[in-house]
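Throughout, a chain's letter reflects where its sequence line sits, starting with A, and its residues are numbered from 1. Keep in mind it's a predicted model, so treat the numbers as computed, not measured.
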Protein chains: 2
Amino acid sequence: MSQGNIDVPVQVTEIDPEKLDVCTVLEVINRISGKWAIGILLEAIRGPVRFTELERSVEGISRRMLTLTLRNLERDGLLVRTIYPTVPPRVEYEATAMAKELYQSLNGLLGWAQQHRDDIAAARVAYDAAS
Amino acid sequence: MSQGNIDVPVQVTEIDPEKLDVCTVLEVINRISGKWAIGILLEAIRGPVRFTELERSVEGISRRMLTLTLRNLERDGLLVRTIYPTVPPRVEYEATAMAKELYQSLNGLLGWAQQHRDDIAAARVAYDAAS
DNA sequence: CCGCATCCCGGTCGATACTG
DNA sequence: CAGTATCGACCGGGATGCGG
């Protein structure tokens, strides 16, 4: 497995597998899936950002996808879009409280990902070799 | 198999918000996104399941997608496939420890989803009305 | 600076039919 | 029972170009 971390037995009592609402989880997953949403969200959580800043900081994103993803996030109430009627125009995107909570909730998943990244890679190699 | 407690060894890690690795998160997201993965995983976590059982319990899934998703989950080391050479053939899928930990990590997200479901719905209505 | 419109391609998924 | 095979629709997303 991974590093020398402490193994702690944890009892999962909060949510019963039989009652976990698949649809509800799927809604979240689908909301933050897509190639760019998380990256944008992360930037916006660190503080208000402008369109062009995002275009630079979110590696590889196109103008089109930036616009589309921003609109969707705004629509879901995860981002607030503020237009300053200056010349040249200035638009800022800021994460809502809801988005920041979402980010917190993502930490659990991230931890899992980091711990098992190598395991998964190994599993794939083994699987592909066996087939 | 219907007690709500699962003992899962979990490694405790602290994550620096500023350093959250977008790619790593995306890997997880993409692994469990898709229409069926979570539903299948959930069933398998409750105990070993057979192909046809899944076909019935995962609402709306086709044979094809069930097979494909099972293969991917197996390849990633989240499911173990066991063939019993009986007649008729019998195949069981069981969640690995890694998958059970993943499930536990999903709890955070689920909480968020349940908490903000209405907020998001409201945000969408407001957005669509405004546009 | 900020964004929309158009075209197009590749992957995902459903429907349907066939098999060891 | 537990899959495979094939075909086609759909859609996310890249490239490019225009507009306020």
Kindly compute the distance separating CZ (B:Arg117) from OG1 (A:Thr24), expressed to the nearest 0.5 Å. 3.5 Å
Separation of atom [atom1] in [X] from atom [atom2] in [N], rounded to whole Å:
{"X": "B:Asn30", "N": "D:dG12", "atom1": "CG", "atom2": "C1'", "answer": "12 Å"}
{"X": "B:Ile61", "N": "C:dC13", "atom1": "CD1", "atom2": "P", "answer": "10 Å"}
{"X": "A:Leu68", "N": "C:dC2", "atom1": "CG", "atom2": "P", "answer": "17 Å"}
{"X": "B:Glu55", "N": "D:dG3", "atom1": "CD", "atom2": "P", "answer": "10 Å"}
{"X": "A:Glu74", "N": "C:dC4", "atom1": "CD", "atom2": "C1'", "answer": "15 Å"}
{"X": "A:Arg71", "N": "C:dA5", "atom1": "CZ", "atom2": "P", "answer": "11 Å"}
{"X": "B:Tyr84", "N": "C:dG20", "atom1": "OH", "atom2": "P", "answer": "25 Å"}
{"X": "A:Met65", "N": "C:dC2", "atom1": "CE", "atom2": "P", "answer": "19 Å"}

Where the side chain of [X] is concerned, which of [options] is the nearest nucleotide?
{"X": "A:Trp36", "options": "C:dC4, D:dG14, D:dT4", "answer": "D:dG14"}
{"X": "B:Arg64", "options": "D:dA5, D:dA2, C:dT6", "answer": "D:dA5"}
{"X": "A:Lys35", "options": "C:dC4, C:dG14, D:dG14", "answer": "D:dG14"}
{"X": "B:Phe51", "options": "C:dC1, D:dG3, C:dC13", "answer": "D:dG3"}
{"X": "B:Pro89", "options": "C:dG20, D:dG3, C:dC2", "answer": "C:dG20"}

Between B:Met98 and B:Asp76, which heavy-atom pair has the shortest distance, and what is it? CE-O, 3.2 Å
Minimum heavy-atom distance between A:Phe51 and A:Leu66, given as atom pair plus value: O-CD2, 3.5 Å
Is any side-chain N or O of [X] closer than 4.0 Å to OP1 or OP2 of [N]?
{"X": "B:Arg56", "N": "D:dC1", "answer": "no"}
{"X": "B:Ser62", "N": "C:dA15", "answer": "no"}
{"X": "B:Arg63", "N": "C:dC18", "answer": "no"}

Looking at every strand, decide which applies to [X] at a 4.0 Å heavy-atom threshold: base, sugar-phosphate, or nothing.
{"X": "A:Tyr93", "result": "sugar-phosphate"}
{"X": "B:Thr67", "result": "base"}
{"X": "B:Arg50", "result": "sugar-phosphate"}

Would you mind reporting whether B:Glu43 and B:Glu53 have side-chain heavy atoms less than 4.5 Å apart? no
Please step through side-chain contact (heavy atoms from CB on, under 4.5 Å) for the pair A:Ile40 and A:Val49, ending with a clear verdict. CA-CA 9 Å; A:Ile40 293 175; A:Val49 277; over 6 Å; no
